[in-house]
Amino acid sequence: MLNLNLIREKSDYVIERLKIKNFDASELVAGILKLDETRRRIQGETNSKEAEMNALSKSIGILFKEGKQDEANEAREKTSRIKDDIKELNLKLDEVSAKLQNSLVLLPNIPCELVPAGTSEKDNKLIRSGGKIPELGAAAQPHWELAEKYRLIDFELGNKITGAGFPVYRGKGAKLQRALINFFLEENQKAGYEEILPPLVVNEDSGFGTGQLPDKEGMMYHVSSDNLYLIPTAEVPVTNLYRDIILDESEFPIMNTAYTPCFRREAGSYGKDVRGLNRLHQFDKVEIVQIQHPDKSYETLDEMVKHVESLLIKLELPYRIIALCGGDISFASALTYDFEVFSAAQKRWLEVSSVSNFESFQANRMKLRYKSQENKGTILAHTLNGSSLALPRIVAALLENNQTGDGITIPEAIRQYTGFSRID
RNA sequence: GGAGAGGUGGCCGAGCGGUCUAAGGCGCACGCCUGGAAAGCGUGUAUACUACGUGGAGUGGUAUCGAGGGUUCGAAUCCCUCUCUCUCCGCCA
């Protein structure tokens with residue numbers, strides 16, 4: 001949610017910048033400005049009526065105390081009209097405020113200057129790439145065949161237990177998952193992130209805080225009997241740890257990492273793009289989250305990108321880093337870098353991480369603020385997050401890229417976590 | 001699942017219809033005191049919206065005592081609904 005002050009003071013700038021996201025905000029902004037003005041006017045009227053009422057009530061109390069019954073009763077008669085007015089004004093105020101809020105929530109975050117213009121993923125900008133794409137023979141198999149051949153993942157069994165998109169990992173396949181999770185968590189910890197093990201279901205307020213609600217409720221599984229949502233990413237519970245909090249400036253940066261399963265409904269997707277591990281309803285992911293001072297958030301974003309990159313280098317996977325263009329960047333993000341690894345048998349780039357700076361967009365929804373030394377009052381903090389990393393596609397690339405025909409070689413970096421160096 | 005108790009400022013805790021403009025304490029900040037510190041003394045110490053104002057000063061209004069509704073001229077205080085926490089019992093990894 002954008003700050004109302006910004007819209008008020010720089011409405012042209014807001015409209016102009018949102019064009020980068022291919023979003024025509026002119027009507028919405030005009031509506032917001034009008035609602036804002038109306039709200040302020042009504043609130044002013046309400047407040048002065050309430051002030052009048054408060055003064056009158058107080059004087060009635062004093063009159064009663066002094067035993068001036070008649071005067072008190074006289075004053076009492078005057079109140080009913082004011083009371084009605086207040087009631088009416090408050091109804092209007094609630095209505096206008098709700099409309100204003102509903103409109104504000106529809107505005108996407110303003111992209112920062114580094115976001116390339118564009119309408120779709122073909123306009124994304126390659127930042128850099130690394131690693132070597134392996135030369136596999138014609139006999140190279142995609143990961144879903146390898147997973148079956150070496151009895152690592154059973155997709156059919158998952159269908160029976162739950163449904164499509166819920167694979168069953170077993171044996172070395174299961175252990176590889178656990179090893180990767182440990183590897184990522186340990187690396188994150190070394191980089192200064194505190195580990196969090198959060199709840200996997202969240203309430204509505206949390207869903208709203210990070211922007212999944214009210215708009216994208218279709219992405220989350222809903223536990224209707226308790227009105228809770230299964231988390232689509234650890235970003236939700238971890239960022240919401242700081243909902244409704246006023247930090248001290250000295251607490252920056254807050255660095256958290258969390259492993260969680262992630263649940264995504266992703267309704268309507270099918271076809272070969274979603275085969276195997278490419279897209280799942282339940283998957284494992286290690287996330288990193290930072291809360292940072294507004295002046296330092298872009299510096300922090302770069303650090304996070306370097307950190308995620310270092311993981312891919314250690315896993316010896318061919319990767320590329322991409323700056324998402326205006327048409328591809330998410331609603332809430334101001335700048336996003338995607339990480340993709342090359343899955344050599346499918347011959348496809350697979351997204352394995354998305355690192356974003358949300359600036360104050362989430363903070364405004366969550367009321368995450370800090371007190372600064374020099375300024376009076378509170379200022380919205382900046383939030384950032386990224387995957388480090390999402391497991392399934394990493395596993396897909398690891399299996400495909402490291403296949404030898406009679407087995408799969410485990411990269412050096414995670415052997416201490418797997419306890420084996422080869423799958424065969 | 002059953003029974004009971006309770007949600008008050010950063011924290012503890014009083015208040016149970018009208019100077020609540022929320023006591024008192026702790027913590028914190030600043031000042032005095034001191035060679036320095038502690039103690040002591042003094043001052044200050046929420047958030048949001050809003051009006052006026054300024055050199056980034058400040059002053060005023062309104063709202064907020066878990067949330068929402070109600071009663072009343074007036075609600076932290078009375079009533080209703082919801083919610084969360086705690087204790088005991090039951091069940092349970």
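Lettering of chains follows the sequences in order, A, B, ..., and the numbering in each one begins at 1.
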Point to revise | B:rC73 OP1/OP2 closer than 4.0 Å to side-chain N/O of A:Lys58 | key: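 Checking B:rC73 against A:Lys58, no side-chain N or O comes under 4.0 Å of OP1 or OP2.
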Point to revise | Short side-chain N/O contact to B:rA63 OP1/OP2 from A:Asn54, under 4.0 Å | key: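 It does, given that an N or O in the side chain of A:Asn54 lies less than 4.0 Å from OP1 or OP2 of B:rA63.
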Review point. Heavy-atom contacts under 4.0 Å between residues 38-49 of chain A and RNA chain B, which residues?
Key: A:Arg39, A:Arg40, A:Gln43, A:Asn47
Exercise for review: Assign a letter to each nucleotide of nucleotides 74-85 of chain B from its 5' end: B, base within under 4.0 Å of a protein heavy atom; S, sugar-phosphate only; -, no contact.
Suggested key: S-----------
Review point. Starting at the 5' end of RNA chain B, which residue's closest nucleotide do you reach first, A:Glu52 or A:Ile246?
Key: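 Closer to the 5' end of RNA chain B: A:Ile246.
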**Study point:** Closest-nucleotide ordering on RNA chain B, the 5'-leading residue of A:Arg76 and A:Arg8
**Key:** A:Arg8
Review point. When rounded to the nearest Å, what value does the distance between C1' atoms of B:rG58 and B:rG44 take?
Key: 16 Å
Review point. Looking only at atom C1', what distance separates B:rA39 and B:rC20, rounded to whole Å?
Key: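 Here B:rA39 and B:rC20 have their C1' atoms 33 Å from each other.
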Review point. Sub-3.5 Å donor-acceptor pair from the side chain of A:Tyr150 to the main-chain atoms of A:Gly407, do we have one?
Key: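 Yes, the answer is positive, given that a donor and an acceptor are paired below the 3.5 Å cut-off.
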Practice item. State which residue, out of A:Glu195, A:His307, A:Glu194, fulfils the side-chain hydrogen bond (donor to acceptor under 3.5 Å, both in side chains) condition with A:Asn188. Key: A:His307
Point to revise | A:Ser354 and A:Asp338: side chain donor to acceptor below 3.5 Å | key: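 Looking only at side-chain atoms, A:Asp338 and A:Ser354 do form a donor-acceptor pair, the distance falling under 3.5 Å.
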Check your understanding: Does the side chain of A:Glu400 come under 3.5 Å of the side chain of A:His143 through a donor N or O and an acceptor N or O?
Key ->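 Yes, A:His143 and A:Glu400 have a side-chain donor paired with an acceptor closer than 3.5 Å.
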